Amino acid sequence: MSVRRIIGAILGYVLAAIGVAIGVATLAFIAVQSAPGDVAYRIAEARFGENFSFGSVEQAREATGLDQPIIIQYVRWVGSALTGQLGRSVISGRQVVPEVWRSFETTLSIAVAGVGLALILSLAMGFAVGMRRDSIIDRAFLVVSAVLSSVPSFLLGIILITIFAIGLRWLPAAGNNLPGYAVLPSLTLAIALLPDLSRVARNAVVRTMQEFYPTYGRIKGQSWLRIIFFHALRPTLVPVVAYFGPLMAGTIGGLVVIDVLFNLDGLGTLLIDSVLAADIPMAMGAGLLIGISVVVINGIADISMQLLDPRLIAPESRP
């Protein structure tokens, strides 16, 4: 893959990220304008409690710019999303960007551990059953993976909490202040991703093993481990990486559920709390970071896939 094509792909995803920022800001703006009741009233109630007055409502309206014409509100709204100047929380008064980033670090640590575990296990299981196509192990794997893929992530989390936190008492059930707090959330995410990824890996292994070079390697006396790591692993990774991007985009909602289920101080909890409290700047910041994360994940998956298989480069871009 040429450097020019990599730069072009990166620029394309930067433009996509800008489009996501505008889209998230627009949706958030529409949600605010369409919300029933007076948004300034709800902000004043959340900020000052039950003792708020009419003056505090007007103060909240002026502080959030809700007293401006709607077109000016929209332009300022989109501008703040594009520049990252999201201001302060209308509830706590804290800066939005540091708060969102701190919550994102917690979610990112869970995501990296869960996704890494899912990738390793899916490749191992894919090779284990793909090289035994149509065997009893292969058919049992397909049945079990189909069943697991239909189980929602929150139910998986509840099962793991019941077994390891309540029953065995090996791990904490919730919170992110105790040692080992990340184990159950990461394991929940890994199990949620594992069925689909492992089936993709299994199908890729089946196709790869039908090619000539694995058979040729065996004729030359190479071991199966050498064939797997030096010949079969790279072509197997291409469909896994291709599927990984859309799968992670669809798993963002699962990460939000995992944050709330395990009471983590993550991006999902921040998003839910800010929406319920009508803290629009904080909610927009969390939604904006989630949207950009999806673009980044798809971009990394796309570039990695083309690096693994140069044949995917468009014919006109080849030398």
Side-chain angles (χ1 to χ4, degrees), residues 100-128 141 144-166 168 170-202 204 236-237 239-272 286 289-301 304-305:
V100 170
W101 186 255
R102 181 178 59 82
S103 299
F104 178 70
E105 288 178 344
T106 301
T107 301
L108 182 63
S109 63
I110 301 298
V112 169
V115 169
L117 181 61
L119 283 174
I120 294 173
L121 292 179
S122 64
L123 288 173
M125 294 173 65
F127 275 102
F141 162 79
V144 172
S145 62
V147 172
L148 285 178
S149 63
S150 63
V151 179
S153 57
F154 75 89
L155 183 56
L156 291 173
I158 292 174
I159 293 173
L160 293 177
I161 290 173
T162 303
I163 296 174
F164 294 103
I166 299 176
L168 299 175
W170 288 353
L171 297 167
N176 53 348
N177 298 321
L178 298 175
Y181 77 91
V183 175
L184 289 182
S186 301
L187 190 58
T188 301
L189 179 61
I191 295 175
L193 295 173
L194 188 58
D196 292 334
L197 276 178
S198 59
R199 281 204 303 269
V200 172
R202 177 259 180 199
T236 300
L237 281 173
V240 173
V241 173
Y243 184 70
F244 178 75
L247 180 63
M248 278 304 299
T251 309
I252 295 296
L255 280 171
V256 173
V257 172
I258 289 172
D259 278 348
V260 175
L261 177 63
F262 290 96
N263 195 27
L264 299 174
D265 189 16
L267 201 58
T269 303
L270 179 67
L271 178 62
I272 298 298
L289 190 53
I290 290 174
I292 292 177
S293 297
V294 172
V295 175
V296 171
I297 289 170
N298 283 320
I300 293 175
S304 301
M305 184 174 58

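Throughout, residue positions are numbered sequentially from 1 according to the sequence presented. All values derive from a computational prediction rather than experimental measurement.
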All side chain to side chain contact (heavy atoms under 4.5 Å, CB included) counterparts of I272, not counting sequence neighbours: V256, V260, L276

Listed partners of N263 passing side-chain hydrogen bond (donor to acceptor under 3.5 Å, both in side chains), at least two apart: none

A286 versus V100, closest heavy-atom pair with distance: N-CG2, 4.0 Å

Pairs flagged by salt bridge (Lys or Arg N to Asp or Glu O under 4.0 Å) wherever residues 100-118 is involved - sequence neighbours left out: E99-R102, R102-D265

Minimum-distance pair of heavy atoms, taken over all atoms of A165 and P172: CB-C, 4.3 Å

With a 3.5 Å cut-off and sequence neighbours excluded, list the donor-acceptor pairs that the side chains of residues 185-199 form with protein atoms.
unit_1 : atom_1 : unit_2 : atom_2 : d
S186   : OG     : A182   : O      : 2.7
T188   : OG1    : L184   : O      : 2.8
D196   : OD1    : R199   : NH2    : 2.8
S198   : OG     : L194   : O      : 2.7
S198   : OG     : P195   : O      : 3.0
R199   : NH1    : S145   : O      : 3.2
R199   : NH1    : S145   : OG     : 3.4

All side-chain hydrogen bond (donor to acceptor under 3.5 Å, both in side chains) counterparts of T107, not counting sequence neighbours: D259

Euclidean distance, Y181 OH relative to S109 OG, rounded to 0.5 Å: 4.5 Å

Interatomic spacing from OG1 in T106 to CG in L270 - rounded to 0.5 Å: 10.5 Å

Atom pair OG (S150) and CG (L155), whose distance is rounded to the nearest 0.5 Å: 9.5 Å

Residues forming a ring-ring contact (aromatic ring centres under 6.0 Å, His included) with W101, sequence neighbours excluded: F104

CA sep, side-chain torsions, deciding dist, call: W170, I163, side chain to side chain contact (heavy atoms under 4.5 Å, CB included): CA-CA 9 Å; W170 288 353; I163 296 174; over 6 Å; no

